[in-house]
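Computation of the quantities below employed the complete heavy-atom set of this structure, encompassing side-chain atoms and omitting hydrogens, waters and symmetry-equivalent molecules.
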Amino acid sequence: MASHPVFIDLSLDEQVQELRKFFKKLGAEISSEKSNKGVEDDLHKIIGVCEVCFKDGEPAQIDGILNSIVSIMITIPLDRGENIVLAYCEKMTKAPNQPLAKVCLQSLWRLFNNLDTASPLRYHVYYHLVQVAKQCDQVLEVFTGVDQLKSQFANCPPSSEQMQKLYRLLHDVTKDTNLELSSKVMIELLGTYTADNACVAREDAMKCIVTALADPNTFLLDPLLSLKPVRFLEGDLIHDLLSIFVSDKLPSYVQFYEDHKEFVNSQGLNHEQNMKKMRLLTFMQLAESFPEMTFDTLTKELQIGEDEVEPFVIEVLKTKLVRARLDQANRKVHISSTMHRTFGAPQWEQLRDLLQAWKENLSSVREGLTNVSSAQMDLARTQKLIH
């Protein structure tokens with residue numbers, strides 16, 4: 001998200017005086033005279049009434065007023081500026097409509113970018129930035145991924161507790177529009193816990209699992225099982241459900257749903273979406289073991305009708321998780337490759353063997369080329385001697 005640098009061609013005293021007069025004229029309970037306690041007290045008073053400009057002002061005019069406030073704010077020393085910044089951020093979350101929320105978002109982004117990159121206040125500004133971005137559907141303008149987020153705070157990393165709070169907020173504002181991103185945020189959140197405090201992350205761990213299961217684009221789920229907070233859920237129904245999505249087939253999920261229908265629904269999970277995902281995961285698991293599958297096998301394993309096999313396989317191919325070819329004449333599916341549902345020691349060993357085979361094949365090719373090259377050179381020398 002772009003923001004213009006703060007630059008006001010007035011002295012601080014003149015800006016404060018103009019702002020006091022402006023808000024006084026709007027009917028705010030503020031004196032038009034400067035405080036004898038200094039600029040910081042002036043800012044406290046101005047920020048305390050600044051929301052009055054939201055009532056009748058035009059967005060462009062309000063943006064200019066907020067820009068003036070920010071230009072004063074960034075001159076306040078860090079040790080005396082925290083309360084001022086927090087008060088301003090809180091006011092920016094009170095925009096009464098979306099157009100003004102966009103103005104407030106721009107103002108907060110301007111403040112964020114004009115604070116020193118080593119300032120701990122940037123965390124507080126960014127947290128409120130995300131809140132305001134949600135109000136005006138601009139979340140992806142300020143947050144595009146975990147790596148981008150970490151780079152924003154590279155010079156002054158927030159505490160673990162602060163990052164946990166921020167990750168929870170980011171999960172909340174992305175879960176309805178970008179499940180994949182929301183799932184990554186929750187995984188990152190759980191990664192902030194250690195063995196010593198993982199037991200207190202129960203609610204976060206459950207949210208992480210539910211988000212990952214609900215995301216139609218997340219299929220590799222076994223990394224969740226290694227997260228410490230998730231381990232503490234072993235024996236709980238949510239952990240059992242996750243284990244089914246990690247390594248079991250469709251019948252296991254169907255049985256779980258029959259036994260615990262109320263639990264699944266209470267987590268906000270959609271049964272039909274779960275069935276769709278489990279069918280795909282089951283197909284992937286079958287594809288690991290069987291390079292060729294009949295339509296009859298698929299109707300039985302996936303619990304679908306014969307006329308649903310071809311449309312199902314076409315949908316699977318669109319995900320690019322499996323490469324396969326439909327053989328309608330012989331009612332078969334031929335598998336070329338598939339992504340593994342889990343990637344543990346057996347898969348690493350398989351990969352090692354594959355790479356070793358490639359290495360040996362390349363050595364054979366190189367040796368063959370060397371022999372061919374030598375033979376050609378010998379032939380050339382022989383022909384030269386003859387002539």
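Under a cut-off of 6.0 angstrom, the local environment of NZ in Lys134 is crowded, with over 12 non-hydrogen atoms contributed by other residues, nucleotides or ligands. Heavy-atom contacts from other residues, nucleotides or ligands closer than 6.0 Å to CD of Glu262 number 12 or fewer. In the displayed structure, Glu203 atom CD is contacted under 6.0 Å by at most 12 heavy atoms of other residues, nucleotides or ligands.
Inspection of the Asn274 and Tyr253 side chains reveals an N or O donor paired with an N or O acceptor under 3.5 Å. No side-chain N or O of His124 forms a donor-acceptor pair with one of Tyr88 less than 3.5 Å apart. Counting only N and O atoms by type, the side chains of Glu18 and Ser68 include no donor and acceptor under 3.5 Å apart. When only modelled atom types and interatomic distance are considered, Asp204 and Tyr167 share no side-chain donor-acceptor pair under 3.5 Å.
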Between Glu315 and Lys318, does a side chain to side chain contact (heavy atoms under 4.5 Å, CB included) hold up when you go through it step by step?
CA-CA 5 Å; Glu315 287 301 312; Lys318 288 180 181 178; 3.2 Å; yes
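Without hydrogens or angle criteria, Ser183 side chain to Glu180 main chain gives no donor-acceptor distance under 3.5 Å. In this structure a side-chain-to-backbone donor-acceptor pair under 3.5 Å is missing from Arg279 to Glu301.
At a threshold of 4.0 Å, the pair Glu90-Lys94 counts as salt-bridged, since one of the basic side-chain nitrogens sits closer than that to a carboxylate oxygen. With respect to the salt-bridge test (charged N to carboxylate O, under 4.0 angstrom), the residues Lys300 and Asp296 do not qualify.
Note that CG of Asn97 is 4.0 Å distant from CG of Leu100, once rounded to the nearest 0.5 Å.
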